[in-house]
Amino acid sequence: MALRVYNSLTKEKEEFIPINPPHVGMYVCGPTVSGESHLGHARPYITFDVVYRYLLYLGYKVRYVRNITDAGHFEEEGRQAEDKISSKALLEKVEPMELVHKYTSLFHWAFRQLNTLEPSIEPTATGHIVEQIGMIEQLIKAGYAYVVNGSVYFDVKKYASNYDYGKLSGRVVDDLLETTRELEGQEEKRNKADFALWKMAPPQHIMRWKSPWGEGFPGWHIECSAMATKYLGSRFDIHGGGMDLMFPHHESEIAQSTICNHASPAKYWMHNNMITVNGKKMGKSYNNQITLTQMFSGNHPLLTQGFSPMVIRFFILQTHYRSTLDFSSEALTAAEKGMKRLFEAFEVLKKLEIPDAEVPSDKELDSKINKLVDEFEEFINDDFNTAKVLANMFEIVPVINSMKDGLIKPYAISTATFKKLKESFTIFLEQILGLKDPSESSAQLNGIIDLLIEIRKEAKSKKDFFTSDKIRKQLTELGIEMKDEKDGNISWSRL
RNA sequence: GGUCCUGUGGCCGAGUGGUUAGGCAGAGCUCUGCAAAAGCUUCCACAGCGGUUCGAAUCCGCUCGGGACCUCCA
């Protein structure tokens with residue numbers, strides 16, 4: 001079964017066929033490093049990390065480009081032509097680049113914790129001013145952009161007369177021309193729907209670059225078009241980002257690239273939905289963000305505890321990426337417990353060995369396992385339904401535990417089935433979903449605990465429950481839980 | 001106001017018209033020196049009202065509720 005992805009451009013699930021196989025070009029709108037990443041930011045980068053991982057698994061040679069927006073944009077177009085980054089920099093009395101560096105590092109750190117793979121290229125907006133200016137010049141030359149007082153605007157009305165502006169986001173241009181909100185500085189534009197490609201920098205603006213139109217800074221949408229074009233060409237396979245970027249950002253990207261490159265940039269547009277808090281989108285405008293460092297530490301009024309990065313990743317992957325996901329400490333706690341159970345079963349599976357059996361004694365179970373495992377691929381192929389993959393894994397958990405406890409006979413399933421289960425489970429959990437056991441410990445700790453287990457076993461065999469309980473109790477206080485198995489073995493895990 | 005999405009059991013969520021989603025929480029049982037874990041069983045559901053259909057959470061209409069975008073936003 002082939003991979004099918006929901007294409008926001010056509011509003012349909014389509015079979016994924018790369019433009020130039022085996023190569024795949026993927027562009028994802030990256031972070032604006034004027035502040036710390038919050039939980040909402042984890043959604044797209046984890047979502048597209050799974051997309052990236054799966055495409056790699058399928059054998060594609062993927063170039064994954066994710067930008068860093070370090071040039072900033074004006075807070076509200078026209079009203080205050082002040083760069084976001086420079087305005088905060090003034091406030092904190094530091095260089096803009098100092099902030100950029102700080103938050104870029106923090107971003108990288110947080111997403112390493114979340115086990116996202118690094119993109120192939122992570123271009124910065126400030127590093128591509130030349131390319132952006134070049135693209136703007138092309139747009140002016142083509143007659144789709146005009147210069148006013150040192151700023152350059154894209155002529156949406158003209159574009160719309162020849163192309164479909166609004167196809168991606170479902171806008172009607174006539175409405176846009178009418179209903180766009182009244183903002184200061186609009187008088188420079190020919191039409192309200194026009195957007196800035198280059199803004200003249202007022203004197204107080206710190207980040208500024210020389211351009212053919214005077215000193216200024218790039219508009220919001222041009223950086224992605226310029227960098228995507230530079231590294232992926234005029235036409236590439238996947239463009240991803242949050243749904244909130246669909247309009248005007250992605251719509252405008254399409255317009256810019258269509259004029260400059262004579263092609264709609266991306267074949268497939270993929271948009272992840274939002275993380276909500278009490279039903280409302282987590283975001284700047286609502287002042288309801290929880291930063292990732294707060295998530296990890298638990299240092300936030302809405303959090304009853306800290307959550308490991310893997311729990312956050314798991315929490316996000318338990319929902320389909322195009323659905324909203326409502327955050328609560330309770331939901332995270334539930335995810336944490338579920339994940340622990342899943343990983344404990346996974347540890348068991350990795351160590352489990354069964355005797356050779358060509359024919360399973362329990363044909364029903366054997367075919368059930370085969371079905372559940374085969375569906376991993378079927379579900380991920382269905383527009384990356386990670387929720388269903390995880391649900392199947394959970395259905396297998398009792399089987400694994402029962403095999404360990406001897407409740408299921410070792411030869412109940414065939415060797416081939418067992419081998420497939422082990423391999424697929426590992427590949428999908430670790431390689432594709434990118435989940436790993438957060439409680440992995442050092443060889444040293446393992447050795448120490450193994451020793452304590454030996455001592456405790458001896459005590460138990462002598463019915464010295466005082467000693468055995470003491471070991472268990474003290475370890476519990478240290479966050480390590482000892483569990484007596486049916487067969488007399490003792491296993492342990494972190495609380 | 002315009003465009004669009006959405007409403008699933010205590011919570012989070014998957015659902016292609018007919019079959020158990022899954023996780024967490026709750027209840028009972030088994031195992032067990034105790035505990036925990038695990039296993040088995042189980043309770044609780046598709047906002048409301050109509051319609052289409054042999055059959056609807058799933059399609060259509062209306063009502064009510066929630067949300068997103070239209071402005072920086074993942």
Side-chain angles (χ1 to χ4, degrees), chain A residues 11 13 28-32 34 37-48 72-79 84 166 169-172 175-176 178-183 193 220 240-249 271-276 278-286 289 314-315 318-320 322-342 344-345 348 379 382 385-395 397-402 404-405 407-408 460 463 465 468-469 472-473 476 481-486 491-493 495:
Chain A
K11 322 278 184 245
K13 271 187 204 169
V28 174
C29 290
T32 301
S34 60
S37 298
H38 59 73
L39 179 62
H41 293 111
R43 191 94 190 261
Y45 307 135
I46 287 172
T47 296
F48 291 104
H73 313 294
F74 15 101
E75 284 280 351
E76 285 189 349
E77 193 181 304
R79 183 197 285 182
K84 237 197 289 184
S169 57
R171 303 288 133 157
V172 180
D175 292 345
L176 289 173
E178 294 307 315
T179 61
T180 299
R181 197 169 139 191
E182 283 292 345
L183 295 166
W220 178 30
M243 273 183 185
D244 50 351
L245 295 182
M246 232 163 164
F247 188 87
H249 186 54
H271 291 97
N272 63 277
N273 215 319
M274 303 292 108
I275 287 180
T276 57
N278 295 321
K280 282 221 167 25
K281 172 186 168 185
M282 183 179 286
K284 230 180 306 213
S285 328
Y286 303 100
Q289 307 120 292
F314 176 82
F315 175 66
Q318 254 191 322
T319 308
H320 186 86
R322 283 190 289 112
S323 301
T324 55
L325 169 57
D326 201 47
F327 158 86
S328 68
S329 208
E330 196 188 356
L332 253 311
T333 306
E336 183 178 57
K337 288 185 183 170
M339 193 180 83
K340 184 166 181 263
R341 186 158 155 261
L342 182 64
E344 285 182 16
V348 170
F379 292 155
D382 184 15
N385 199 328
T386 55
K388 287 183 107 175
V389 172
L390 284 169
N392 270 27
M393 287 180 173
F394 273 107
E395 288 208 53
V397 164
V399 177
I400 294 171
N401 286 330
S402 295
K404 180 193 69 172
D405 291 341
L407 297 170
I408 290 176
K460 276 184 66 174
K463 301 244 188 278
F465 297 125
S468 74
D469 285 354
R472 187 171 66 193
K473 186 162 173 284
T476 303
E481 183 182 34
M482 273 200 174
K483 289 172 279 198
D484 297 346
E485 308 283 340
K486 288 189 180 45
S491 69
W492 67 280
S493 67
L495 289 169

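Residue numbers start from 1 in every chain, and the chains themselves are labelled A, B, ... in the order their sequence lines are given, proteins ahead of strands.
- Residues satisfying the ring pair (Phe, Tyr, Trp, His ring centres under 6.0 Å) test with A/Phe314, not counting sequence neighbours, are none.
- Less than 4.0 Å separates RNA chain B from at least one heavy atom of each of the following residues of residues 326-333 of chain A: A/Asp326, A/Glu330, A/Ala331.
- A/Leu325 comes within 4.0 angstrom of the backbone, heavy atoms only, and of no base.
- Among the protein residues, A/His38 comes within range of the nucleic acid bases, having at least one heavy atom under 4.0 Å from a base atom.
- Taking the six-membered ring for Trp and thresholds of 30 and 60 degrees, A/Tyr45 and A/His41 have nearly parallel ring planes, at less than 30 degrees apart.
- Closest to the side chain of A/Ala334, from the set B/A21, B/G13, B/G23, is B/G23.
- Salt bridge present: A/Asp484 and A/Lys460 bring a charged side-chain N and a carboxylate O closer than 4.0 Å.
- Looking at heavy atoms from C-beta onward, A/Arg43 lies out of side-chain contact with A/Met274 at the 4.5 angstrom threshold.
- Looking at heavy-atom distances under 4.0 Å, A/Lys388 makes contact with sugar-phosphate atoms alone, never a base.
- Taking a pair to require two hydrogen-bonding distances under 3.5 Å in either a Watson-Crick or a G-U wobble arrangement, B/A68 pairs with B/U3.
- At a threshold of 4.0 angstrom between heavy atoms, the contacts of A/Gly170 are confined to the sugar-phosphate backbone, with no base atom among them.
- The side-chain heavy atoms of A/Asp469 and A/Arg472, taken from C-beta on, include a pair separated by under 4.5 Å.
- Between the C1' atoms of B/A25 and B/C11, the separation comes to 8 Å (whole Å).
- Put simply, the side chain of A/Leu390 reaches to within 4.5 Å of the side chain of A/Leu342, judged on heavy atoms.
- Contact annotation: the side chain of A/Lys13 approaches that of A/Asp382 to within less than 4.5 Å [non-hydrogen atoms, C-beta and beyond].
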message = Show, in sequence, the C-alpha distance, side-chain angles and deciding distance for A/Lys404 and A/Glu344, and conclude whether the salt bridge (Lys or Arg N to Asp or Glu O under 4.0 Å) test is met.
response = CA-CA 12 Å; A/Lys404 180 193 69 172; A/Glu344 285 182 16; over 6 Å; no
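- Nucleic acid contact class of A/Ser493 (heavy atoms, under 4.0 Å, all strands): none.
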ask   = Can you give one letter per nucleotide of nucleotides 32-39 of chain B, 5' to 3': B if a protein heavy atom sits under 4.0 Å from the base, S if only from the sugar-phosphate, - if neither?
value = -BBBBBBS
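- Figure legend. B/U52 is base-paired to no nucleotide; pairs are counted as Watson-Crick or G-U wobble with both atom distances under 3.5 Å.
- Between B/G67 and A/Lys280, a contact under 4.0 Å exists linking OP1 or OP2 to a side-chain N or O.
- Listed here is the closest heavy atom pair of A/Asn272 and A/Pro44: OD1-CB, 3.2 Å.
- Between the C1' atoms of B/G15 and B/U20, the separation comes to 12 Å (whole Å).
- Among B/A74, B/C24, B/C69, the nucleotide with an atom closest to any side-chain atom of A/Tyr286 is B/C69.
- Residue A/Gln318 has its side chain nearest to B/G23 when only B/G23, B/A74, B/C24 are considered.
- Taking 4.0 angstrom as the limit, A/Asn385 places a side-chain polar atom (N or O) nearer than this to OP1 or OP2 of B/G15.
- Residue contacts for A/Met339: at a heavy-atom cut-off of 4.0 Å it reaches no nucleic acid atom on any strand shown.
- Counting only heavy atoms from C-beta on, A/Phe394 has its side chain closest to B/G23 among B/C69, B/A74, B/G23.
- The pairing partner recorded for B/A57 is none, the criterion being a Watson-Crick or G-U wobble arrangement whose two distances lie under 3.5 angstrom.
- Within the model, atoms NZ of A/Lys388 and NE2 of A/His320 stand 10.5 Å from one another, a figure rounded to the nearest 0.5 Å.
- Atom P of B/U6 sits at a distance of 13 Å from the matching atom of B/U58, rounded to the whole Å.
- Considering only the side chain of A/Arg171, B/G2 comes nearest among B/C12, B/G2, B/A14.
- Contacts of A/Met274 with the nucleic acid, taken as non-hydrogen atoms under 4.0 Å apart, include base atoms.
- The side chain of A/Asp244 lies closest to B/A74, out of B/A14, B/G23, B/A74.
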